[in-house]
Amino acid sequence: MELAREDVERAARLAAIALDEEEVERFRRDLSSMVTYFDRLLSLDLDDVPPMAHASAGIAPTRSDEVQPGLPVEKAVANAPQSDGPFFVVPRIIE
Amino acid sequence: MARSDWEAVIGLEVHAQLLTDSKIFCGCSTAFGAPPNSQTCPVCLGLPGSLPVLNERVVEFGVRLGLALNCTIREHSVFARKNYFYPDLPKGYQISQHELPLCENGHLVIDTPEGEKKVGIIRAHLEEDAGKNLHDPEGGPSRVDLNRAGVPLMEIVSAPDIRSSDEAVEYLKNLRSILVYIGVNDGNLEEGSLRCDANVSVRKRGETGFRTRVEIKNLNSFRFLKQAIDFEIERQIRVWEEGGQVVQETRLFDAQAGVTRSMRSKEEAQDYRYFPEPDLPPLRVDEALVARVRESLPELPREKQARFVREYQLSAYDASVLVADKAVADYYEQAVAAYGKNPKTVANWVINEVLRLIKENPEGIRATRAEPERLAALLRLLDEGRINAGSAKAILEEVHRTGEEPEAVMRARGLEQVSDVGVIEEAVARVIAANPAELEKYRAGKKAVFGFFMGQVMRELKGQGDPKLVSEALRRALDS
Amino acid sequence: MNPTDLTLRELADALAAGELSSEEATRACLDRIRATDERLGAFLHVAEETALARARESDRRRREGNALGALDGVPVALKDNISTAGMPTTCASRILEGYVPPFDATVARRLGDAGAVVLGKVNLDEFAMGSTTETSAYRVTRNPWDLSRSPGGSSGGSAAAVAARQVYGALGTDTGGSIRQPASHCGVVGIKPTYGRCSRYGVVAYASSLDQVGTFGRTVEDAAILLQAIAGHDPLDSTSVSEPVPDWVAATRGASVEGMRLGIPKEYFVQGVDPEVEGAIRAAIATLVSLGAKVEEISLPHTEYAIAAYYVVAPAEASSNLARFDGIRYGLSVREGGLRDVYLKTRAAGFGPEVKRRILAGTWALSSGNYEQYSIRAQKVRTLIRRDFEEAFKRVDAIVTPVAPTAARRLGEKAEDPVEAYLADVFTLACNLAGLPGMSVPCGFTSKGLPVGMQLLGRPMDEATLFRVGAAYQQATDWHRQSPPEVA
């Protein structure tokens, strides 16, 4: 299946990656090639086959509701590109 | 076209913070009000490589809530990722439940002027809360605090069965009451541990389909919920009647202006790209757990209400007032037990007096020092004729503040009722002597003047005369 | 004799016998890294000081009679997508430049608890997406057997470092063959255990339902010693299995394939497999038969759908897993314009083309409309592939296949079309889709002197059989004793 530029632009918007014109075209070609290859999945009769979203048949384990020590604030923000005291800082969020 | 030709179609989405000690997927504390980012770890900060592990109490609370809302508990429910970018969402996705939620197909009963009504619960599912973005009022950069990120929530989605703002308020009150009863939520709308969004549309009476709905956010009190829905209903009717189209959108309630406002419309409809969370296998809730939780479920508000009507012969209304808050219901039952008779009288005193005294107090019934035993003692003084109703109220007010024994207050303030017939007869004689004109009227057949004499005698006795004895003495004197 | 010539087991014995100290072994490795890594390019970070300190601690423990076990004092390397407290963890991506985790991955902690000396972090394809290690944002890693060639990938740094005798063993991760394929191309042993055997906690996720940590060694026993130390249930990983870990090291000793039934899937011997590679695998099978194994042809009929299913599922999960790299809490951040610009520009500048391609493909596959059509179908195909294996394992104890259709490719020899590149993963992907254990064992060389690996696939939780087959094979062959000439 051939993808349109808009398909790539939409994916890029959802994935929050800025693309230049050249990249849009290149990824359009690449994704088209991939999706064309994926189309072989459409030929299989899968109606009665359950999907496998997890690699093992396990069930979610649980932990007891006990407070465990976390990270000290300094460590929590240590890797932040921009911080203000204990806070992470981002450009003004317009609501 | 008249307003009455239209009806509202309302569904509520309620987010309830579950009262666990630690977060849903990590061991960080959920305590409110801690210093910013002091309750975080690699998991809730979304550090690369960190993984979620489910809190067992969250599951138990989820089942408890599901059972209390008459839901089916799914044996296998699945966590999913809801993908979007926002600074308060550290992983770039929220772990929630999408296609296979823990609880489904329940209902909640509310009272309406037309009688009882079942509001459907479509689903109730587990998810994690986001952090908090703090906006600089001066227009500077925003700051992010992730203490709340990962706090466990249950999202409860009602069916679009609600038809008015009053029903919506009733639904939310009942839901809150249940949440608090079963101990999974503190019921605090103002602090945001209980949050409500409303989906509102209108349609002509007789229409069976739905028209475009609008989601209203930020309804953090019963009053706002009512105002916002009323505003929105009127707005939508006006739009349709003027030949316009209601736009599907999210609107924010502006409490100050009392209106809903459209939120900045997004470039395109969101596509959250839900898919099963690969880091969490399906959640299994076996029958044994469901049975155990069912066993431990306390009496729910409506069951309690029915029992109060049955057991104490209360009106449905009085019973509903008493059971709305479990602590009040417990207080009432303790007072009835201490008093040992006449539950109806106890109900009147609790509803009319005790609840008045604690109104507006965030602590609720826990704020009063007039414990159930003291209320019972007060009622006994009343029964014994040692105080009258007026004094009783004054004494209760003081007991409520100080926690002293009613009898001690009565003595200290000299509020004991005058039951000495001699004293009362003297007062009657004085009043009659001082009001010859009124006596004339009474004797001429104007019996209504009796009330005037009653009042004068009570004043003479500083309000503490036993009304029954005063009335008898007065009648004797006037009719002789 | 140079200590770096020893296998991990031989070093452990020498340390135990007091013939060598951990500090001496560590210094020998550091010297070798200094001498060879400019050409080889395996390391992204060498932690010389901490490694020497750890080595001296190990020597002290040993002197005091408190040695911890076979790994105590043994120098190893970690793939740079495994979090290490206080040591950079970049995933070979610009977006994590400068990031220092405040915590250890469980597998890193367990290696530390076993006394292993972590020499540093080794190269990979950016976020483990690739099979040549060329998508690394930092450096090119070369194949020790031919420096003009790729070591394979994505764990190319781990495989190259072990092959070039820079370390005695290494950890890698395998999402679609990222341990087995570079092990094959570099002539070392690589094992990807059953999904859930090793904790993924602290391992930067590429595709969560496929990722699994595993080990590299010069011998099957070396790989087993390392895996023994890191495997086992971890309460911090909800997908970690609770089954006890058998004694794999014991399983490698005096191992035999006598009476073992080995399956040869006909779908894995098809056109496109290099005749020299096929020849080496056929010869290895003949060796196993001569050792007493029984061989039968089996069928894995849905093999032809594995690549399509994988390249839907893995990018879909990746697109979500990599959303956290948003320039707010760690890593690269391009601060220009408003909030939305920070996202768009940070991620545009921080991710390389292959990562972007997979994020975009995955986003597309999860988008409304495509999710049902492609993602759900791919998950259903996973079920079919798993069932194929379940059927096969009713008849055989292990499956033998090539690891890759060809030996190591030349660097820069890149396919124009991504699908063409992805086709080379055909033999390794199904194992991850089904969650099975898989191992690559050196089984010969091409006429150009490039190593060829044989892939062994086992039942879920049955790594022991793979270790037995691999160890029995190595007792009878000496491919694993060859040293790469180029970095000698």
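Letters A, B, ... are given to chains in the order of the sequence lines, protein chains preceding strands, and every chain is numbered from 1. Keep in mind that the numbers below use all heavy atoms, side chains included, and drop hydrogens, waters and symmetry copies.
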Pair R13(A) + E9(A): basic N to acidic O under 4.0 Å: no
- line: Among L210(C), I359(C), I328(C), the residue with the most heavy-atom pairs under 4.5 Å to chain A is I328(C)
- prompt: With only heavy atoms counted, which part of P353(C) is less than 4.5 Å from chain A, the side chain, the backbone, both or neither?
  reply: both
query: Where on L433(C) is there a heavy atom nearer than 4.5 Å to chain A: the side chain, the backbone, both, or neither?
result: backbone
query: Is it the backbone or the side chain of L41(A) that comes under 4.5 Å from a heavy atom of chain C, or both, or neither?
result: both
message: Counting heavy-atom pairs under 4.5 Å with chain C, which one of A78(A), S83(A), P61(A), G58(A) comes out on top?
response: P61(A)
task: Determine the option with the most heavy-atom pairs under 4.5 angstrom with chain C, choosing from D39(A), D20(A), I59(A), D7(A).
output: D39(A)
Part of Q212(C) lying under 4.5 Å from any heavy atom of chain A: neither
- prompt: With a 4.5 angstrom heavy-atom cut-off, which part of F27(A) approaches chain C: side chain, backbone, both or neither?
  reply: side chain
field: V342(C) portion near chain A, given a 4.5 angstrom heavy-atom threshold
entry: side chain
message: Would you call the rings of Y330(C) and F325(C) parallel, tilted or perpendicular, taking 30° and 60° as the class edges?
response: perpendicular
message: Donor-acceptor pair, distance only, cut-off 3.5 Å: does the side chain of D211(C) make one with the backbone of Y206(C)?
response: yes
Heavy-atom contact with chain A under 4.5 Å, split by part of A361(C): both
- request: Quick one: sort the F389(C) and F393(C) rings into parallel, tilted or perpendicular, breaks at 30° and 60°.
  value: parallel
field: Non-hydrogen atoms of G177(C) and N432(C) that approach each other most closely
entry: N-OD1, 3.7 Å
- request: Would you mind telling me which of V8(A), L19(A), L42(A) has the largest number of heavy-atom pairs within less than 4.5 Å of chain C?
  value: L42(A)
field: Region of A60(A) in contact with chain C, defined by heavy-atom distances below 4.5 Å
entry: neither
task: Heavy-atom distances under 4.5 Å only: say whether A434(C) touches chain A with side chain, backbone, both or neither.
output: backbone
message: Quick check on the interface: out of T346(C), V381(C), V312(C), who has the most heavy-atom pairs with chain A under 4.5 Å?
response: V312(C)
- prompt: Taking the inter-plane angle between the rings of F351(C) and F127(C) on a 0 to 90° scale, is it parallel (under 30°), tilted (30 to 60°) or perpendicular (over 60°)?
  reply: perpendicular
message: Given 3.5 Å as the limit, does a donor-acceptor pair link the side chain of T36(A) with the main chain of M1(A), or not?
response: yes
task: Please confirm whether F103(C) and Y201(C) have ring centers closer than 6.0 angstrom.
output: yes
- line: Whatever's closer than 4.5 Å to a heavy atom in chain C on L31(A) counts as side chain
- prompt: What option among G435(C), G338(C), G337(C) has the most heavy-atom pairs under 4.5 Å with chain A?
  reply: G338(C)
- prompt: For G327(C), does its backbone N or O pair with a side-chain atom of S333(C) as donor and acceptor, under 3.5 Å?
  reply: yes
- request: For T90(C) and E97(C), run side-chain contact (heavy atoms from CB on, under 4.5 Å): C-alpha distance rounded to whole Å, both residues' side-chain angles, the deciding distance at 0.1 Å, then the answer.
  value: CA-CA 6 Å; T90(C) 66; E97(C) 195 160 6; 5.9 Å; no
task: Measure distances from R63(A) to the heavy atoms of chain C and classify the residue's part below 4.5 Å as side chain, backbone, both or neither.
output: neither
- prompt: Which one of P235(C), S367(C), A308(C), P460(C) has the most heavy-atom pairs closer than 4.5 Å to chain A?
  reply: A308(C)
- prompt: Pick from L436(C), L384(C), I376(C), T194(C): which one has the most heavy-atom pairs with chain A under 4.5 Å?
  reply: L384(C)
query: Under 4.0 Å between a Lys/Arg side-chain N and an Asp/Glu carboxylate O for E21(A) and R5(A)?
result: yes
Closest heavy-atom pair and its distance - I17(A), A348(C): CG2-CA, 4.1 Å
field: When R40(A), H54(A), K75(A) are compared by non-hydrogen pairs under 4.5 Å with chain C, the top option
entry: R40(A)
Pick from V77(A), D30(A), V90(A), L3(A) with the largest number of heavy-atom pairs that fall under 4.5 Å of chain C: D30(A)
- prompt: Would you call E390(C)-R459(C) a salt bridge at under 4.0 Å N-O?
  reply: no
field: Ion pair check, R28(A) and E25(A), cut-off under 4.0 Å
entry: yes
task: Given side-chain contact (heavy atoms from CB on, under 4.5 Å), test Y195(C) with T239(C) step by step and report yes or no.
output: CA-CA 8 Å; Y195(C) 183 84; T239(C) 63; 3.5 Å; yes
S319(C) portion near chain A, given a 4.5 angstrom heavy-atom threshold: neither
message: Does any backbone or side-chain atom of I385(C) lie under 4.5 Å from a heavy atom of chain A? Answer side chain, backbone, both or neither.
response: neither
field: Interchain contact, F88(A) with chain C, by part (heavy-atom threshold 4.5 Å)
entry: side chain
- request: Return the option, out of K345(C), R335(C), H302(C), with the maximum number of heavy-atom pairs under 4.5 Å with chain A.
  value: R335(C)
